[in-house]
Amino acid sequence: MANPLFDGLFGRHSGKSTVFLHLPDGGTVTHAKFLETAARFANTLWDMGVRTGDRVAVQIAKSPEALAVYAACVQAGVIFLPLNTAYSAPEVSYFVENSGAKLLICDEANVDTLTPVAQAADAAIETLNGDGSGSFPEAAANQTTEFATVDRDGDDLAAFLYTSGTTGRSKGAMLTQTNLLSNSEVLVQEWRFTAEDVLLHALPIFHTHGLFVATNVTLLAGGSMIFLPKFDSDAMVERMPQATAMMGVPTFYTRLLDHPGFTRDLTRHMRLFVSGSAPLLAETHVTFEDRTGHRILERYGMTETNMNTSNPYDGERRAGTVGFPLPGVELKVTDPKTGDTVPDGEIGVIEVRGPNVFKGYWQMPEKTAEELRPDGFFITGDLGQIDADGYVHIVGRNKDLIISGGYNIYPKEIELLLDEQPGVLESAVIGVPHPDFGETVVAVLVPEKDGSPDLEGIKSSISGSLARFKQPREMVILPELPRNTMGKVQKNALRDQFGGLFTA
Ligand code: MCA
Ligand code: AMP
């Protein structure tokens, strides 16, 4: 027995004095040092009574120590549950309770708010701050730097990532060791990552892109990362000369193109730019190539599946497409009503199958059955088509979803809150084009008879329950919502009406 994910990503770097992380202050962390911290943390988890198969939820700033908590969990066979740092206390409360987490690790600044949350869920609470201080590392200080890696099978769970749903309730996607490891192995090959690579890493590490793609791929290749706490175009331009590759959401690329220091010279030595998590406009692709001479490599993935397709490293990287299915990933386009495969070139729902596809939603067998077919195909809800050359195009979504700056926002979750507000009869939340975030949130409110909703009051009321990035950037009032003959709200009509709010 062994622990394939730990051995693949971390274990083989044990004792190596090679640099793993380059920090903003010019400091570095070696693979060996990182693994010592991880082992200390694994011992600490064990001392705190956390055992293999338990869940540890973390809502912490990006730091080497935060990454070491991930490594510690993998080493101890504990299920890692990272949470967006923007989530409000009620949002965190749902995840901790739903997952049955044994421990919540948060920033000291939030400990007063989150202590009752942890208590209510019968979870312990510890702190870890962005500078590496906090009660958790303090407890780890006297631990040994050895931890006997817990045996795991490829099918054992490694992580939960919550993804919202069209019903408004978030679902915990259960990811196995094999899901994560197989996908990183394929990506290292496809994108030619080696120990010489230095990845400019500015993504958050609580989502698939920053953690299971960027970090896992670098670890598996034995490379290093310039580990920035968040995206900042000045810092990106400053650190790019030391990097060989970068991964980002489309907003990273549009913001870089707006930076006067982002020039052909600055990027001449770069080997690879990867984009994903949201559609990259063909216009951005072309402007980027004109400016730098590099073609961005666009790929397509999901929380439930990690990466599914990628444009080729060597062949033509085609703007407006997400490339070909990755080796080992089967992809088909089906009729949403019948589930039958549609002829090539026709639009349908993208379905995928492979070792990358998750195990199901935590304690939600009905939701799992709705999206994961008995034959193993996962229904992504993305609308796509395959062109004559085999490139996959994503042309829309068969799910009510907004992607803002790479974050997914499910309108239903916001509508449920808005509908409860005084003076509101009903609401519809839509995504409209936004020059920086790609899409942004607009709420359409219908007043109750003789009611007049207090928009400022509503904004402040929802701000306590919803992460900032989900809060509507604009609220508009209409006497009624457009509906079809079946009574279904016509969101397309609303998008037509309000689509120019941020771009006109
Ligand atoms: C921050 N704000 C946002 C967003 N981020 N609002 C909407 N959408 C966002 N994504 C809010 C802030 O709270 C702030 O509110 C205001 O917008 C402006 O903040 P700003 O400083 O401009 O934002 P930022 O801190 O620079 O962040 C923007 C960002 C960041 C760099 C684009 O959101 C980011 O790193 N996104 C990456 C997300 C990601 O990793 N997605 C991958 C998911 P106020 O002004 O009121 O204070 S994984 C995935 O999707 C799949 C698997 C895949 O294929 O990869
Ligand atoms: P999430 O569930 O947060 O992981 O988001 C996954 C969704 O992001 C997918 O279902 C797609 O709708 C979208 N997505 C990811 N990569 C791309 C891409 N390259 N182009 C268009 N949409 C993408």
Side-chain angles (χ1 to χ4, degrees), residues 62 82 84-88 161-166 170-171 173 175 183 187 201-215 228-236 247-256 258 274-282 284-285 296-311 317 319-323 349-352 356 358 371 378-384 392-410 431 434-441 459 463 466-473 502:
K62 184 175 171 184
N84 193 323
T85 47
Y87 287 149
S88 64
L161 283 190
Y162 274 79
T163 152
S164 284
T166 39
S170 280
K171 304 165 286 187
L175 295 155
N183 210 236
L187 296 175
H201 192 303
L203 288 158
I205 53 168
F206 43 70
H207 277 316
T208 300
H209 198 164
L211 191 62
F212 300 145
V213 183
T215 303
L228 302 178
K230 67 185 284 273
F231 179 88
D232 170 82
S233 27
D234 287 336
M236 297 297 276
M247 295 184 196
V249 297
T251 301
F252 284 20
Y253 291 101
T254 48
R255 286 189 180 183
L256 280 174
D258 281 342
V274 178
S275 175
S277 308
L280 183 77
L281 294 179
T284 311
H285 190 99
I296 298 173
L297 185 155
E298 186 171 6
R299 62 29 167 211
Y300 156 64
M302 281 188 80
T303 297
E304 289 91 334
T305 63
N306 251 59
M307 299 304 101
N308 294 314
T309 73
S310 172
N311 268 280
R317 299 178 195 167
T321 83
V322 292
V349 175
I350 297 176
E351 297 192 22
V352 292
N356 56 318
F358 77 141
E371 295 177 41
F378 175 68
I379 307 165
T380 64
D382 289 310
L383 294 174
V392 177
H393 298 237
I394 297 179
V395 299
R397 297 175 201 135
N398 200 28
K399 50 190 173 189
D400 197 9
L401 162 71
I402 300 167
I403 305 184
S404 169
Y407 288 147
N408 284 15
I409 300 166
Y410 282 83
H434 188 274
D436 186 29
F437 292 130
E439 283 184 290
T440 198
V441 181
K459 268 185 207 161
S463 68
L466 272 187
R468 174 72 188 109
F469 70 88
K470 298 181 192 169
Q471 295 168 27
R473 292 293 156 133
F502 295 89

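Not measured: the values here are computed from a predicted model. As the structure lists them, so they are numbered: ligands from 1, and atoms in each ligand from 1.
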Given 3.5 Å as the limit, does a donor-acceptor pair link the side chain of Lys62 with the main chain of Leu228, or not?
yes

Nearest 0.5 angstrom please: Ile394 CD1 to Thr321 OG1, how far?
9.5 Å

Ligand 1: protein residues within heavy-atom distance under 4.0 Å
Leu203, Pro204, His207, Thr208, His209, Lys230, Phe231, Val249, Thr251, Phe252, Arg255, Ser277, Arg299, Gly301, Met302, Thr303, Met307, Ser404, Gly405, Gly406, Tyr407, Phe437, Arg468, Phe469, Arg473

Please lay out, stage by stage, how His434 and Ser404 fare under the test side-chain contact (heavy atoms from CB on, under 4.5 Å).
CA-CA 8 Å; His434 188 274; Ser404 169; over 6 Å; no

Once the angle between the rings of Phe378 and Phe358 is folded into 0 to 90°, is it parallel (under 30°), tilted (30 to 60°) or perpendicular (over 60°)?
perpendicular

Run the side-chain hydrogen bond (donor to acceptor under 3.5 Å, both in side chains) test against Thr215 and tell me which residues pass, sequence neighbours left out.
His201

Could you please spell out the steps behind the salt bridge (charged side-chain N to carboxylate O under 4.0 Å, His left out) verdict for Glu371 and Lys399?
CA-CA 12 Å; Glu371 295 177 41; Lys399 50 190 173 189; over 6 Å; no

If you round to the nearest 0.5 Å, how far is CG of Leu297 from CG of Asn311?
5.5 Å

Show me, by chain and number, every protein residue that has a heavy-atom distance under 4.0 Å to ligand 2.
Ser277, Ala278, Pro279, Glu298, Arg299, Tyr300, Gly301, Met302, Thr303, Val322, Asp382, Ile394, Arg397, Lys399, Ile403, Asn408

Let me have the donor-acceptor pairs involving side chains of residues 247-254, under 3.5 Å, with sequence neighbours excluded, atom names and distances please.
{"residue": "Thr251", "atom": "OG1", "partner": "Asp436", "partner atom": "O", "Å": "2.8"}
{"residue": "Tyr253", "atom": "OH", "partner": "Val274", "partner atom": "N", "Å": "3.2"}
{"residue": "Tyr253", "atom": "OH", "partner": "Val274", "partner atom": "O", "Å": "2.6"}
{"residue": "Thr254", "atom": "OG1", "partner": "Pro250", "partner atom": "O", "Å": "3.4"}
{"residue": "Thr254", "atom": "OG1", "partner": "Thr251", "partner atom": "O", "Å": "3.1"}

Just by distance, do the side chain of Glu439 and the backbone of Ile403 share a donor-acceptor pair under 3.5 Å?
yes

